[in-house]
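A short worksheet on the structure shown next.
Everything quoted here is computed from the prediction, not taken from an experiment. Basis for what follows: all heavy atoms, side chains included, without hydrogens, waters or symmetry-related copies. Residues: numbered from 1 along the sequence shown.
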Amino acid sequence: MLIINKYRREPMPAHLRFTVEMVYVVLGSLFVALAFNLFLLPNNIASGGVAGISTITKYVFGFEPGIVQGVLNIAFFLMGLFILGKNFGIKSLVGTMVLPFFVLVTSDITVPTNDPLLGAIFGGMGIGLGLGIVFRGRASTGGVDLGAQVIHRFTKLPLGVCIAMLDGTIVFTSAIVFSVEEGLYALISLFITSRTIDLVQVGFNTSKNVMIISRKQEEVRQALLDDIDRGVTVLKGSGGYTEEDRPVIMCVVQQNEFTKLTRTVKEIDTGAFIVTMNATEVLGEGFKTS
């Protein structure tokens with residue numbers, strides 16, 4: 001018998017999805033610009049990227065950061081377009097143009113703190129939040145990431161290494177231009193940015209991926225389906241020493257279901273072997289659908 005889940009969400013129409021993603025790009029760019037002008041620029045924190053370059057050129061030459069970011073973003077975008085091909089799309093172009101605009105229009109905003117540590121922490125969080133939202137829109141704000149892709153194309157170095165090299169060069173330069181202390185603050189901000197992006201991308205809710213090996217495999221499987229109301233996958237496995245067939249039951253549950261699962265399994269088989277891993281993003285029925 002076919003059972004249709006009437007609560008299952010229909011796929012979002014393409015034009016509506018594009019609109020939502022464009023909103024993500026614009027909103028994320030605004031958060032990045034605010035974090036830059038409120039926390040990073042006033043405290044001379046150049047935590048990588050085009051924003052870091054514009055912080056340094058502001059201090060050394062007095063150039064307006066929004067203008068510098070706009071010129072560099074366009075240059076990187078055109079370089080990427082010429083070398084890597086037409087694979088960036090309109091959304092990345094929007095991010096490339098909108099971010100410098102927001103940096104310009106928010107440049108006179110009142111600065112909340114002149115403490116460089118607070119600037120590094122909250123600036124890193126703001127940048128990470130904004131970039132995470134932009135990435136949710138399946139786009140980017142251009143800049144150094146495109147330069148890293150070009151280096152990756154010619155040197156075959158891993159993309160992550162290329163990005164780290166460019167950001168590291170910017171942070172090192174900031175330590176020379178400003179001070180070693182401010183360079184260290186930039187590293188703190190860069191680390192917080194990366195962690196915040198991860199949180200925005202995968203969310204705060206952590207599920208549990210549970211692997212169960214039991215001699216009462218069929219009873220455990222049925223209990224998980226009936227009592228826990230979660231789907232299971234039975235994987236083929238064999239004992240490394242005995243070489244006997246040992247099916248492995250895999251089941252993903254929410255945090256609040258984990259205790260009930262382990263108790264249910266142990267009531268059936270006290271000798272069951274249970275391995276638990278964090279699952280930071282689960283897509284599918286019963287969890288997130290997109």
Side-chain angles (χ1 to χ4, degrees), residues 1-12 14 17 20-21 24 128-129 131-140 149 152 156-164 191-290:
M1 180 176 64
L2 177 63
I3 300 176
I4 299 176
N5 184 357
K6 63 179 180 180
Y7 300 105
R8 182 175 294 171
R9 293 191 302 174
E10 295 295 327
M12 187 180 295
R17 175 177 289 277
V20 171
E21 289 174 348
Y24 281 163
L129 174 63
L131 290 178
I133 293 173
V134 171
F135 295 159
R136 281 279 186 177
R138 297 192 292 183
S140 77
Q149 291 185 46
H152 168 68
K156 305 304 181 184
L157 290 172
L159 183 59
V161 172
C162 297
I163 294 174
F191 174 77
I192 293 174
T193 293
S194 67
R195 300 308 301 157
T196 306
I197 290 174
D198 289 342
L199 285 176
V200 175
Q201 290 286 77
V202 304
F204 290 93
N205 294 325
T206 302
S207 302
K208 296 293 185 181
N209 182 20
V210 185
M211 314 289 282
I212 305 163
I213 302 174
S214 170
R215 294 186 180 278
K216 300 180 179 179
Q217 176 252 334
E218 181 56 31
E219 292 94 323
V220 170
R221 183 189 69 83
Q222 200 62 50
L224 295 180
L225 291 172
D226 296 339
D227 300 340
I228 309 299
D229 195 25
R230 284 294 182 186
V232 300
T233 300
V234 180
L235 309 175
K236 292 183 178 180
S238 61
Y241 179 74
T242 64
E243 297 185 353
E244 296 177 355
D245 288 339
R246 291 285 181 85
V248 180
I249 301 172
M250 184 180 77
C251 182
V252 180
V253 295
Q254 301 282 11
Q255 289 271 24
N256 58 356
E257 298 170 319
F258 175 68
T259 301
K260 181 179 179 181
L261 180 147
T262 55
R263 184 173 63 246
T264 299
V265 172
K266 286 300 183 180
E267 286 176 352
I268 297 171
D269 182 4
T270 57
F273 188 75
I274 302 174
V275 180
T276 306
M277 297 160 281
N278 286 330
T280 53
E281 179 153 11
V282 183
L283 302 178
E285 189 171 350
F287 295 89
K288 291 169 60 178
T289 56
S290 62

* Over all atoms of both residues, closest heavy-atom pair of Gly128 and Thr196 -> C-CG2, 3.7 Å
* Asked: For Thr264, which of Asp226, Thr259, Val220, Asp227 qualifies under side-chain contact (heavy atoms from CB on, under 4.5 Å)?
  -> Asp227
* Is it true that atom CG of Asp229 has more than 12 heavy atoms of other residues, nucleotides or ligands lying nearer than 6.0 Å? -> no
* To do: Enter the distance from Asp198:CG to Thr193:OG1 here, rounded to the nearest 0.5 Å.
  => 11.0 Å
* To do: Identify which one of Val275, Leu261, Val232 satisfies the side-chain contact (heavy atoms from CB on, under 4.5 Å) criterion when paired with Ile212.
  => Leu261
* Structure fact -> Between Leu225 and Gly231 the two heavy atoms that sit nearest each other are CD2-CA, 4.1 Å
* Mind listing the closest non-hydrogen atom pair of Cys251 and Arg230 along with its distance? => SG-CB, 3.7 Å
* **Heavy-atom side-chain contact between Lys208 and Val252 under 4.5 Å** => no
* Asked: Which atom names give the shortest non-hydrogen contact between Ile133 and Tyr24, and what distance separates them?
  -> CG2-O, 3.3 Å
* For the student: nearest non-hydrogen atoms of Val253 and Ser207, plus distance -> O-CB, 3.4 Å
* Run the numbers on Asn209 and Met277 for side chain to side chain contact (heavy atoms under 4.5 Å, CB included), then give the verdict. => CA-CA 5 Å; Asn209 182 20; Met277 297 160 281; 3.8 Å; yes
* Asked: Roughly how far, to the nearest 0.5 Å, is the CD1 atom of Ile213 from the CG atom of Leu235?
  -> 10.0 Å
* To do: May I ask you to decide whether Glu218 forms a salt bridge with Arg221, counting only side-chain N to carboxylate O separations under 4.0 Å?
  => yes
Show every donor-acceptor pair shorter than 3.5 Å between a side-chain atom in residues 265-274 and any protein atom, with sequence neighbours excluded, or say none if there are none.
unit_1: Lys266; atom_1: NZ; unit_2: Thr270; atom_2: O; d: 3.2
unit_1: Lys266; atom_1: NZ; unit_2: Ala272; atom_2: O; d: 2.9
unit_1: Asp269; atom_1: OD1; unit_2: Gly271; atom_2: N; d: 3.0
unit_1: Asp269; atom_1: OD2; unit_2: Ser214; atom_2: OG; d: 2.6
unit_1: Asp269; atom_1: OD2; unit_2: Arg215; atom_2: N; d: 3.4

* **Spacing of CZ belonging to Arg263 relative to CD1 belonging to Ile228, to within rounding of 0.5 Å** => 8.0 Å
